[in-house]
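Letters A, B, ... mirror the listed sequences (proteins, then strands); counts begin at 1.
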2 protein chains.
Amino acid sequence: MNSESEFIEFIKTITDLPAEQEDKFRALISVKNINKGEHFVRAGRNSKTIAFVKKGLFRYYYTSEDGVEFTKGFFDVNSVLSAYDAILENSPAHYSIEALEDAIIEAVDYYKFRQLFSEDPCWNNFLVALLQKGYLAKVRREREFLLMNAEQRYHSFLERYPDLEKRVKQHIIASYIGITPESLSRIRKK
Amino acid sequence: MNSESEFIEFIKTITDLPAEQEDKFRALISVKNINKGEHFVRAGRNSKTIAFVKKGLFRYYYTSEDGVEFTKGFFDVNSVLSAYDAILENSPAHYSIEALEDAIIEAVDYYKFRQLFSEDPCWNNFLVALLQKGYLAKVRREREFLLMNAEQRYHSFLERYPDLEKRVKQHIIASYIGITPESLSRIRKK
DNA sequence: AAGGTCTATTAACATAGATCAATGATCGCC
DNA sequence: GGCGATCATTGATCTATGTTAATAGACCTT
């Protein structure tokens with residue numbers, strides 16, 4: 001009997017997964033704990049792993065030259081993590097991925113995963129679905145930066161991530177919205 | 001003898017294209033002229049066409065509630081145009097796509113194109129490549145909005161689109177950077 | 001070439017959000 | 001349960017960019 005994999009369950013919600021491919025994929029998975037404050041990816045390092053979040057919460061963030069952090073996004077349970085652009089370009093990641101809560105992930109080496117691609121079209125289907133989701137999220141975010149002021153972006157954050165306001169510190173939310181913690185404090189007072 | 005298609009040549013630079021698929025795809029293409037100022041996609045309308053730019057220059061732009069335009073991006077010769085998020089969601093486009101110069105495109109109905117997908121994996125390869133490119137562009141742009149001020153974003157624009165400064169009006173460049181034409185004028189004076 | 005319509009520049013003022021600094025509130029830890 | 005460290009709030013300024021408005025230049029069109 002095989003061990004359970006939530007990653008595989010997740011993939012099955014997106015595409016048909018032949019039993020053979022399922023087994024091959026399962027062999028690539030290793031389960032890892034990441035404690036709050038630890039990193040899955042660090043800016044400046046090459047990365048070659050993708051992972052599925054079984055438990056916990058992550059954020060992606062940039063660090064500017066003068067050390068200020070800017071949060072790109074939040075990834076809760078049932079998300080796929082990766083420094084995908086860095087993997088594709090085989091270059092150091094521009095950003096870091098940090099656990100905001102104690103987490104458990106299922107990690108897979110991208111290059112080993114990539115080898116499955118030519119064996120069955122299900123993987124391309126899966127990748128297309130992931131990319132489309134990521135693309136839609138970025139398009140939405142771009143629209144927000146172009147069209148909205150800080151207060152509107154805060155409300156958009158609340159709508160999109162209704163439970164994160166309690167789970168995430170103010171200064172991290174502020175860095176997601178693109179303002180200072182002081183400004184966010186003032187906006188919230190209203 | 002078949003007519004030339006730059007769209008097909010472009011696809012061949014990305015993936016192997018079996019002769020049978022090439023013929024089927026060619027049958028879907030219709031060549032169209034779009035004059036400067038005319039639209040390929042209009043915000044608020046459903047769209048179901050993708051197109052390849054043979055000649056000319058396009059921009060994607062949002063229009064805010066109070067009628068102000070914000071340019072998402074520029075698409076020169078050898079680019080693929082589509083309101084892809086709107087097509088995926090089968091919903092009205094949030095943005096418009098306008099010709100900034102007299103243009104010639106090769107247009108293809110997305111749903112007819114989509115029917116080819118199950119016939120050969122080359123189409124998924126092609127789609128993954130397009131999505132990755134789009135995704136990388138959005139990631140870069142998000143980073144710029146989070147980390148850079150207006151002047152830095154202007155210089156980033158100049159690096160990325162070296163020849164567009166001459167071809168595109170100031171107020172459109174300003175709307176891409178996310179500032180007013182007046183502010184851009186001041187930045188350029190330096 | 002004159003007139004009209006876009007487009008770009010410039011200046012004066014307004015404002016959102018940043019910065020700096022001080023004070024309070026929370027939270028983990030011995 | 002107290003103490004230091006982190007985090008949030010608040011107030012006083014500062015600055016980048018927006019707004020408004022006026023002018024000047026560019027580009028058509030007849």
What's the [atom1]-[atom2] distance between [X] and [N], to the nearest Å?
X	N	atom1	atom2	result
Glu151(A)	dG17(C)	CD	C1'	12 Å
Gln170(B)	dC6(C)	CD	C1'	14 Å
Arg153(B)	dT17(D)	CZ	P	7 Å
Ile187(B)	dA8(C)	CD1	C1'	15 Å
Lys189(B)	dT9(C)	NZ	P	10 Å
Leu184(A)	dT10(D)	CG	P	12 Å
Lys169(A)	dA5(D)	NZ	P	16 Å
Ile179(A)	dT19(C)	CD1	P	12 Å

Given [options], the nucleotide with the shortest approach to the side chain of [X]:
X	options	result
Ala150(A)	dG18(D), dG17(C), dC7(D)	dG17(C)
Arg186(B)	dA11(C), dT9(D), dA8(D)	dA11(C)
Arg188(A)	dG18(D), dC7(D), dT9(D)	dT9(D)

Report yes or no: is the cationic atom of Arg114(A) (NZ for Lys, CZ for Arg) closer than 6.0 Å to the six-membered ring centre of Tyr110(A), at no more than 45° off its axis?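 Pair Arg114(A)/Tyr110(A) does not count as cation-pi.
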| said: Taking the six-membered ring of Tyr95(B) as reference, does the cationic atom of Arg59(B) (NZ for Lys, CZ for Arg) lie under 6.0 Å from its centre and within 45° of its axis? | reply: no
- Less than 4.0 Å between a side-chain N and a carboxylate O, is that true for Glu106(B) and Lys55(B)? no
Inset, instruction - Could you tell me whether the side chain of Thr63(A) and the main chain of Gly67(A) form a donor-acceptor pair under 3.5 Å? - result: no
Item to complete: Ignoring hydrogens and angles, tell me if any N or O in the side chain of Tyr60(B) forms a donor-acceptor pair with the backbone of Ser82(B) under 3.5 Å.
Response: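 Flag set: sc Tyr60(B) to bb Ser82(B) pair under 3.5 Å.
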Item to check | Given DNA chain C, 5'-ward residue of the pair Met148(A) and Ser185(B), judged by closest heavy atom | outcome: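 First, find each residue's nearest nucleotide; the 5'-ward one identifies Ser185(B).
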Does dT17(D) have its OP1 or OP2 closer than 4.0 Å to a side-chain nitrogen or oxygen of Thr180(B)?
no
Side-chain N,O (Ser183(A)) to OP1/OP2 (dA18(C)) below 4.0 Å = yes
Notebook entry, point to check: Reckon Glu182(B) touches a base, only the sugar-phosphate, or nothing at all at heavy-atom distances under 4.0 Å?
Noted result: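 The answer is base, as Glu182(B) lies within the cut-off (heavy atoms under 4.0 Å) of a base atom.
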